> 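Sharing a structure with you now.
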Amino acid sequence: MKNFFIVFLILMIVWVLLNNTFQPDILLVGAVIAFFASAFLCKRCELFADMNFTPKGIIYTIIFLGVFMIDLIKSNLDVTRRVLNPALPIKPGIVEVKTKLKSKFARMLLANSITLTPGTLTVDVKDDSFFIHWIDVKDEDVKVASKEIVEKFEKYLEVIYG
Amino acid sequence: MELLGAIVTLMGSLVLLVASIGLLRMPDVYNRLQVGTKATTLGTILTLFGLLILMPGWWGKLILLIFFVMMTNPVSSHVLARASYFIKIPFTDRTVVDKLKVSSKAQKIEYEEK
């Protein structure tokens, strides 16, 4: 039931943003279509089942988005510096990091965020390990690499997805 | 207002220019993907954001576009990197470590996929 409401809400938001209006007839058409789409096509949408909809979870979601945007800009400046430097200062390699997250959706968010942070790209995921292509390998050790890459996002995702 | 929008759009284009230079300069597939993901994301977001300042009436669609770019871009580069790894596209000579090769689980998956 919770999944149904979340999917319905997302479809409605997309519909309103696309139409860019709050006229009642358009809203009604959107609501009917969104209701049937989420009722029939989403019997096993388990993606959002483990999200905490408490005030703390919502506040941490906003903080996470802020941290993510700052990191996105930092990563771009870092990559720009490397590309424009005549010596091309890269030291690439694939390192292994461990995550404590259990929820599938949280892991997807973590892998996506890693792909967008300074010089890191998720290549493969096996059980608890993420294999990450790092443009500037500072340390090959699993623990040090986990601390450098994963921890800054993990502490927020842990609260949001329990 | 128009000037601000133009400046933001110009910044986005500059980021995209850096991404294209990076594509030419980087030595192997994986490093090219790195540049491709990061610079393209910020470049697209800045360009769309500049458009948002110029045309405030389009905000709903533009925000949806920014959201879709942010969700799909990392997924596609992850899949490309994974595929290139498993069909054994070689690394550059400057690569220092490859933990995925050492992992026995990875070898098992590789065997199954043949």
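Hydrogens, waters and symmetry mates are skipped; everything else that's a heavy atom, side chains included, is used. Since we're looking at a predicted model, the values are computed, not measured.
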> Should Leu65(B) and Leu51(B) be regarded as members of a common hydrophobic cluster, given that ILVMFWY residues are connected when their side-chain heavy atoms come within less than 4.5 Å of each other, either directly or indirectly?
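Leu65(B) and Leu51(B): one cluster.
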
> Would a hydrophobic clustering, with Ile, Leu, Val, Met, Phe, Trp and Tyr connected at side-chain separations under 4.5 Å, put Leu80(B) with Phe131(A)?
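Yes, Leu80(B) and Phe131(A) fall within the same hydrophobic cluster.
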
> Between CG of Asn73(B) and OG1 of Thr115(A), what distance do you get to the nearest 0.5 Å?
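These two atoms lie 9.0 Å from each other.
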
> Could you state whether Val8(B) and Leu10(B) fall into the same hydrophobic cluster, counting links through intermediate Ile, Leu, Val, Met, Phe, Trp or Tyr residues with side-chain heavy atoms under 4.5 angstrom apart?
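Val8(B) does not cluster with Leu10(B).
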
> Would you indicate whether the side-chain heavy atoms of Trp59(B) and Leu17(A) approach each other to under 4.5 Å?
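SC-SC contact between Leu17(A) and Trp59(B) confirmed.
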
> Could you check if a side-chain atom of Leu88(A) sits within less than 4.5 angstrom of a side-chain atom of Pro27(B), using non-hydrogen atoms only?
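Of all side-chain heavy-atom pairs linking Pro27(B) with Leu88(A), at least one is under 4.5 Å.
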
> Under 4.5 Å heavy-atom distance to chain A, tell me which part of Ile45(B) shows up: side chain, backbone, both or neither.
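For Ile45(B), the side chain is the part near chain A, not the backbone.
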
> Rounded to the nearest 0.5 Å, how far apart are CD1 of Ile73(A) and CG of Leu42(B)?
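That separation rounds to 6.0 Å.
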
> Below 4.5 Å from any heavy atom of chain B, which atoms of Val14(A) appear? Answer side chain, backbone, both or neither.
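Val14(A) touches chain B through backbone and side-chain heavy atoms alike.
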
> Would you say the side chain of His78(B) lies within less than 4.5 Å of the side chain of Val123(A), judging by non-hydrogen atoms?
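Answer no - side chains too far apart.
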
> Would you check if Arg25(B) and Leu84(A) make a side-chain contact, meaning some heavy-atom pair closer than 4.5 Å?
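When only atoms from C-beta onward are counted, Leu84(A) and Arg25(B) do not touch, as no gap falls below 4.5 Å.
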
> Report yes if some heavy atom in the side chain of Val75(B) is under 4.5 Å from a heavy atom in the side chain of Met108(A); otherwise report no.
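When only atoms from C-beta onward are counted, Met108(A) and Val75(B) do not touch, as no gap falls below 4.5 Å.
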
> Do the non-hydrogen side-chain atoms of His133(A) and Leu33(B) ever get within less than 4.5 Å of each other?
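No, every pair of side-chain atoms sits at 4.5 Å or beyond.
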
> Is Asn112(A) in contact with chain B via its backbone, its side chain, both, or neither, using a 4.5 Å heavy-atom distance?
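For Asn112(A), heavy atoms of backbone and side chain both lie under 4.5 Å from chain B.
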
> Measuring heavy-atom distances to chain A, does Thr41(B) have an atom under 4.5 Å in its side chain, in its backbone, in both, or in neither?
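For Thr41(B), side-chain heavy atoms alone lie under 4.5 Å from chain A.
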
> In Å and rounded to the nearest 0.5 Å, what is the CE to CG distance from Met70(B) to Leu65(A)?
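Here the interatomic distance stands at 7.5 Å.
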
> Out of Asn76(A), Val83(A), Leu121(A), which one racks up the most heavy-atom pairs below 4.5 Å with chain B?
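Option with the greatest count: Asn76(A).
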
> Of the backbone (N, CA, C, O) and the side chain (C-beta and beyond), which part of Val15(B) lies under 4.5 Å from a heavy atom of chain A, both, or neither?
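Side chain only.
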
> Does any part of the side chain of Thr37(B), heavy atoms only, come nearer than 4.5 Å to the side chain of Leu116(A), both counted from C-beta?
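Sidechains of Thr37(B) and Leu116(A): in contact.
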
> Hey, quick one: are Leu110(A) and Val67(A) part of the same hydrophobic cluster, counting side-chain heavy atoms closer than 4.5 Å, chains of contacts allowed?
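Same cluster: Leu110(A) reaches Val67(A) through Ile, Leu, Val, Met, Phe, Trp or Tyr contacts under 4.5 Å.
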
> Are Ile94(A) and Tyr85(B) packed together at the side-chain level, in the sense that at least one heavy-atom pair is separated by less than 4.5 angstrom?
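Answer yes - side chains close enough.
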
> Are Ile70(A) and Ile114(A) connected in a single hydrophobic cluster, I mean Ile/Leu/Val/Met/Phe/Trp/Tyr linked by side-chain heavy atoms less than 4.5 Å apart?
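Shared cluster, no.
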
> Can you tell me which portion of Phe68(A) sits under 4.5 Å from chain B's heavy atoms? Options are side chain, backbone, both or neither.
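Just its side chain gets close to chain B.
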
> Pick whichever of Gly93(A), Ala111(A), Pro92(A) has the most heavy-atom pairs under 4.5 Å with chain B.
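That would be Pro92(A).
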
> For residues Ile135(A) and Met26(B), report the shortest heavy-atom separation together with the two atoms involved.
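In terms of heavy atoms, the two residues are closest at CD1-CE, 4.3 Å.
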
> Supply the atom-to-atom distance Met71(B) CE to Leu109(A) CG, rounded to the nearest 0.5 angstrom.
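Spacing of CE (Met71(B)) from CG (Leu109(A)) equals 6.0 Å.
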
